[in-house]
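One structure below.
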Amino acid sequence: MDYKKLNKKAMTCMYVKTWIANLIWIPGLLATSILFKDELPSVVLAIMYGLVVIIVIYSLIAPKLRYERYRFLLTEEEFSVRKGLIVTKTEIVPIERLHKIEVSSGPIFRAFGLKEIKVTTAGGEINVSYLDNEIADKIAEHLKVRINTIAVEERNVDLIEAEQDSLSDAIDEGYMEGEHGAE
């Protein structure tokens with residue numbers, strides 16, 4: 001199966017989130033360099049201006065690269081996400097190991113009609129962000145149904161094993177009583 005790509009509005013949301021995060025640093029660095037320009041060595045000022053340029057370039061390039069690499073996959077057996085900026089990593093979680101499904105949407109995501117799904121296992125969690133509301137809800141519902149199906153199957157297996165153990169114990173007790181009666 002092929003990994004699915006995000007909707008284009010996810011890329012716009014990535015840009016907005018990146019710029020909001022970086023708009024704290026840019027004015028801070030510029031204000032500091034202007035206020036303390038007479039007291040700071042020219043090397044420090046050059047580094048600060050260089051950081052502003054790097055942050056601006058990053059804010060222009062990173063969301064596009066992140067969008068191009070971001071993929072997700074849902075099968076009957078696993079849920080996975082592939083993401084990264086420079087290093088691409090793939091996280092795969094077997095559905096049978098899921099313990100918790102959380103669907104959330106902060107103010108920025110809501111503005112773009114997007115949600116994030118966080119699934120938790122005993123070993124950690126996996127987040128799939130920037131999903132269309134409809135797709136996120138369908139994935140969450142699919143995972144819920146699949147987890148419930150697996151739980152019911154496991155319960156049935158446990159019941160069958162318990163019945164077999166009970167029957168085996170009853171047979172053993174009958175056998176033991178038979179041995180004692182023969183003496």
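Both V87 and I61 sit in one connected hydrophobic cluster of ILVMFWY residues. Membership requires side-chain heavy atoms under 4.5 Å apart, directly or through other members. Follow the hydrophobic side-chain contacts under 4.5 Å out from V53 and you reach Y58 in the same cluster. Residues I57 and I86 are members of one and the same hydrophobic cluster, defined by side-chain heavy-atom contacts under 4.5 angstrom among Ile, Leu, Val, Met, Phe, Trp and Tyr.
Of the N and O atoms on the side chains of R82 and T90, at least one donor lies less than 3.5 Å from an acceptor on the other residue.
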What side-chain donor-acceptor pairs closer than 3.5 Å can you find for residues 22-43, not counting sequence neighbours?
unit_1: N22; atom_1: ND2; unit_2: T18; atom_2: O; d: 3.3
unit_1: N22; atom_1: ND2; unit_2: S59; atom_2: OG; d: 2.7
unit_1: T32; atom_1: OG1; unit_2: G28; atom_2: O; d: 2.7
unit_1: S33; atom_1: OG; unit_2: L29; atom_2: O; d: 3.2
unit_1: S33; atom_1: OG; unit_2: L30; atom_2: O; d: 2.8
unit_1: S33; atom_1: OG; unit_2: Y49; atom_2: OH; d: 3.4

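When ring centroids are compared, Y130 and F109 come within the 6.0 Å threshold.
From L98, atom CG reaches atom CD of E78 across 11.0 Å, with rounding to the nearest 0.5 Å. If you take CD1 on I101 and CD1 on I117, they are separated by 8.0 Å, rounding to the nearest 0.5 Å. Separation of atoms CE (M14) and CZ (R66) is listed at 6.5 Å; rounding is to 0.5 Å. Here the SG atom belonging to C13 is positioned 10.0 Å from the CG atom belonging to L6, to the nearest 0.5 angstrom. Distance check, rounded to the nearest 0.5 Å: OG1 of T12 to OH of Y67 gives 9.0 Å. In this structure, E91 CD and F79 CZ are separated by 10.5 Å, a value rounded to the nearest 0.5 Å.
Using a cutoff of 4.0 Å between basic side-chain nitrogens and carboxylate oxygens, D2 and R71 are not scored as salt-bridged. Classification of E96 and R146 as a salt-bridged pair fails, no side-chain N sitting under 4.0 Å from a carboxylate O. Using a 4.0 Å cut-off between charged side-chain N and carboxylate O, D132 and K9 make a salt bridge.
For K138, the NZ atom is loosely surrounded, since the number of other residues' heavy atoms within 6.0 Å does not exceed 12. Around the NZ atom of K144, the shell of radius 6.0 Å holds no more than 12 heavy atoms that belong to other residues, nucleotides or ligands.
By the 4.5 Å heavy-atom criterion applied to side chains, I20 and V16 are counted as neighbours. Side-chain atoms of E116 and N127, non-hydrogen and from C-beta on, do get closer than 4.5 Å to each other. With a 4.5 Å cut-off on side-chain heavy atoms, I139 and F72 count as touching. Looking at heavy atoms from C-beta onward, K4 lies out of side-chain contact with L74 at the 4.5 angstrom threshold.
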Inset, instruction - Start with the C-alpha gap between V81 and Y3, add the side-chain angles, then the distance that decides, and say whether side chain to side chain contact (heavy atoms under 4.5 Å, CB included) holds. - result: CA-CA 8 Å; V81 61; Y3 278 81; over 6 Å; no
Inset, instruction - Determine, step by step, whether V56 and W19 satisfy the side chain to side chain contact (heavy atoms under 4.5 Å, CB included) criterion, reporting the C-alpha distance in whole Å, the side-chain angles of both residues, the deciding distance to 0.1 Å, and the verdict. - result: CA-CA 9 Å; V56 168; W19 278 101; 4.3 Å; yes
Legend entry - Criterion salt bridge (charged side-chain N to carboxylate O under 4.0 Å, His left out) on K100 and E102, from CA distance to verdict: CA-CA 7 Å; K100 179 180 166 187; E102 180 181 320; 3.8 Å; yes
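Put simply, the side chain of S105 gets close to the backbone of L114: a donor and an acceptor are under 3.5 Å apart.
Taking all atoms of both residues into account, the shortest heavy-atom contact from K115 to N133 is CG-OD1, 3.0 Å.
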